[in-house]
2 protein chains.
Amino acid sequence: MGDAVKVLLYEDNRDLREGIAFLLQATPGLVLGGAFPHVNNIRTDLHVHEPDVVLLDINMPGMSGLEALPIIKSMYPKTQVVMLTVFDDDERIFQAVRSGASGYLLKNTPPAEIIQAVFDVHKGGSPMTSSVARRVLQFFQQPPKTHPADHLLSAREQDILKGLMKGFSYKLIADDLHISIDTVRTHIRNVYDKLQVNSKTEAILKAMKEGWVDGEAGIAPRDR
Amino acid sequence: MGDAVKVLLYEDNRDLREGIAFLLQATPGLVLGGAFPHVNNIRTDLHVHEPDVVLLDINMPGMSGLEALPIIKSMYPKTQVVMLTVFDDDERIFQAVRSGASGYLLKNTPPAEIIQAVFDVHKGGSPMTSSVARRVLQFFQQPPKTHPADHLLSAREQDILKGLMKGFSYKLIADDLHISIDTVRTHIRNVYDKLQVNSKTEAILKAMKEGWVDGEAGIAPRDR
DNA sequence: CCGGCAATCGCATAAAAGTGTGACTTTGTT
DNA sequence: AACAAAGTCACACTTTTATGCGATTGCCGG
């Protein structure tokens with residue numbers, strides 16, 4: 001990783017492609033493996049060039065960049081992909097991010113910054129147009145906590161609810177809190193009443209929806 | 001919001017503070033309300049200056065920037081806050097983001113970019129140092145690992161599970177899918193088996209954790 | 001001092017969920 | 001043709017949940 005950064009560019013617009021290609025080519029420290037108008041031969045391209053960084057447009061004839069992305073990341077997980085597109089809607093941004101994109105630039109990004117982005121991404125950064133970054137941040141910003149539940153449920157009732165949300169049975173909750181199972185029943189009865197539900201499941205779903213989640217707020221938890 | 005952008009700067013390091021303050025001051029379109037070495041009078045400062053943008057260091061004597069942030073956002077939700085710090089650990093980044101920070105720059109950011117960030121954030125962007133952005137992206141990037149659940153559960157089993165996740169009772173699910181309640185039992189039995197759980201709640205929690213979440217689930221009343 | 005509320009516990013009963021076992025049909029694969 | 005997997009349905013039986021109707025004990029504010 002001390003050598004030149006090998007780059008592939010996918011962009012269907014000819015002018016833009018050639019413009020960026022020229023810049024990449026002319027930049028010391030970068031090697032342009034190829035600049036293609038479509039991503040249909042992505043597997044071959046990857047095998048031939050084994051790029052460090054891929055600049056990937058989303059809207060291209062044939063296979064889209066979003067479809068190609070998972071292929072790239074599954075074949076060469078270490079290859080860094082920067083989306084380079086005109087779309088800044090949540091749907092596409094998140095699909096790209098989830099699929100492993102490391103950068104997301106809008107096409108109005110100045111050429112110099114695109115070049116910079118290639119270096120950035122190659123050394124472990126994630127260059128993003130600031131408007132895109134905003135979308136991403138908003139996604140797990142704790143929404144203006146409108147905790148209607150905050151003073152709706154008493155402290156003890158919240159304890160019980162948390163128990164439910166951990167998948168505990170009445171017995172386990174009773175055990176955990178050192179109270180009788182009948183007490184647990186009573187509390188749950190009251191919780192259901194206040195929450196306007198009538199089953200464990202509904203209570204849990206509502207509790208989560210209502211921002212009650214005692215884990216990371218509003219973020220889709222993932223593991224492995 | 002047609003005029004100059006009012007900025008407050010909090011930074012305990014004198015040289016840095018004065019350096020940035022000078023730049024902010026000298027930039028057309030920006031008005032520096034004040035540059036403070038600590039955030040202890042944050043409430044007063046806000047009332048006096050009503051800034052559009054706050055540049056906020058994290059490590060300061062007295063109250064930290066992370067403590068001040070929620071105060072700022074609760075008093076003036078529309079005020080944009082850019083963290084300006086040396087810390088790039090996950091913990092601090094996420095605390096800041098959750099609390100409503102709109103930008104996050106490391107202190108090695110070139111002064112010109114800091115200035116640019118102020119404009120960026122004011123017009124709705126989220127300027128971030130690319131290494132910070134990477135941390136954020138990684139957080140909800142689905143690891144290349146193929147979902148084990150993907151082909152673990154059959155199509156029908158997934159239907160049933162989705163039913164559970166919507167808070168449906170067996171009867172409702174049966175109804176919904178036009179099958180008998182015993183069939184639902186059978187499927188659920190198999191789902192529990194494959195998911196290694198033994199209750200509705202656990203199944204739902206696991207399903208959500210495992211990345212299955214089909215988003216908003218309408219909480220439907222029960223049929224009793 | 002009283003009334004209300006949170007928290008505790010008990011008993012009883014009906015409804016729902018969980019489990020064991022077995023079976024028939026369709027569809028697709030070997 | 002034989003087989004496996006998926007989907008369908010049926011009983012029967014145990015556990016958990018959900019709910020109705022009490023009751024007792026503190027504690028707080030008027």
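Below, read A as the first sequence line, B as the second, and so on, with proteins coming before strands; counting in each chain starts at 1. Please read these numbers as outputs of a predicted model, since none were measured by experiment.
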*Rounded to whole angstrom units, what separation is found between the CD1 atom of Ile188(A) and the C1' atom of dT17(D)?*
8 Å
*asked:* Given dA16(C), dT16(D), dT19(C), identify the nucleotide with an atom nearest to the side chain of Asn198(B).
replied: dT19(C)
*Taking atom P of dA6(D) as reference, at what distance in whole Å does atom CG of Asp193(B) sit?*
13 Å
*Might you point out which heavy atoms bring Arg156(A) and Leu177(A) nearest each other, and give the distance in Å?*
NH2-O, 3.4 Å
*Work out which heavy atom in Gly34(A) is nearest to a heavy atom in Leu8(A); give both atom names and the distance.*
N-CD2, 3.4 Å
_salt bridge (charged side-chain N to carboxylate O under 4.0 Å, His left out) contacts in which one or both residues fall within residues 57-69 of chain A, not counting sequence neighbours_ = Asp57(A)-Lys107(A)
*Within residues 70-90 of chain B or reaching into it, pairs that qualify as salt bridge (charged side-chain N to carboxylate O under 4.0 Å, His left out) - sequence neighbours excluded*: Asp88(B)-Arg135(B), Asp89(B)-Arg92(B), Asp90(B)-Arg135(B)
*Let me know the distance between CD1 of Ile204(B) and C1' of dA17(C), rounded to the nearest Å.*
12 Å
*May I have the distance from Leu172(B) (atom CG) to dA15(C) (atom P), rounded to whole angstrom?*
16 Å
_Tyr192(A) side chain near dT19(D) phosphate (N/O to OP1/OP2, under 4.0 Å)_ = no
I'd like a table of atom pairs between the protein and nucleotides 6-13 of chain C - only N or O on both sides, under 3.5 Å - with the distance next to each one.
{"from": "dA7(C)", "atom 1": "OP1", "to": "Arg156(A)", "atom 2": "N", "distance (Å)": "3.3"}
{"from": "dA7(C)", "atom 1": "OP2", "to": "Ser154(A)", "atom 2": "OG", "distance (Å)": "2.1"}
{"from": "dT8(C)", "atom 1": "OP1", "to": "Arg156(A)", "atom 2": "NE", "distance (Å)": "3.0"}
{"from": "dT8(C)", "atom 1": "OP1", "to": "Arg156(A)", "atom 2": "NH2", "distance (Å)": "3.0"}
{"from": "dT8(C)", "atom 1": "OP2", "to": "Arg156(A)", "atom 2": "NE", "distance (Å)": "3.1"}
{"from": "dT8(C)", "atom 1": "OP2", "to": "His187(A)", "atom 2": "NE2", "distance (Å)": "2.7"}
{"from": "dC9(C)", "atom 1": "OP2", "to": "Ser180(A)", "atom 2": "N", "distance (Å)": "2.5"}
{"from": "dC9(C)", "atom 1": "OP2", "to": "Thr183(A)", "atom 2": "OG1", "distance (Å)": "3.0"}
{"from": "dC9(C)", "atom 1": "O5'", "to": "Thr183(A)", "atom 2": "OG1", "distance (Å)": "3.4"}
{"from": "dC9(C)", "atom 1": "N4", "to": "Thr186(A)", "atom 2": "OG1", "distance (Å)": "2.7"}
{"from": "dC11(C)", "atom 1": "N4", "to": "Asp182(A)", "atom 2": "OD1", "distance (Å)": "3.2"}

Hey, can you pull the donor-acceptor pairs under 3.5 Å for the side chains in residues 183-193 of chain B, sequence neighbours left out?
{"from": "Thr186(B)", "atom 1": "OG1", "to": "Asp182(B)", "atom 2": "O", "distance (Å)": "3.0"}
{"from": "Asn190(B)", "atom 1": "ND2", "to": "Thr186(B)", "atom 2": "O", "distance (Å)": "3.3"}
{"from": "Tyr192(B)", "atom 1": "OH", "to": "Lys200(B)", "atom 2": "N", "distance (Å)": "2.8"}

*Taking atom P of dT16(D) as reference, at what distance in whole Å does atom CD1 of Ile173(A) sit?*
13 Å
*For the side chain of Glu157(A) and the backbone of Ser154(A), is there at least one donor-acceptor N/O pair under 3.5 Å apart?*
yes
*asked:* Please find the pair of heavy atoms, one from Gly125(B) and one from Arg134(A), that lie closest to each other, and give the distance.
replied: O-NH2, 2.7 Å
*asked:* So if I take the C1' atoms of five pairs at each end of the helix from dG4(C)-dC27(D) to dT30(C)-dA1(D) and get each local axis, what angle do the two axes make, rounded to 10 degrees?
replied: 40°
*asked:* Which residues pass the side-chain hydrogen bond (donor to acceptor under 3.5 Å, both in side chains) test with Gln196(A), not counting sequence neighbours?
replied: none
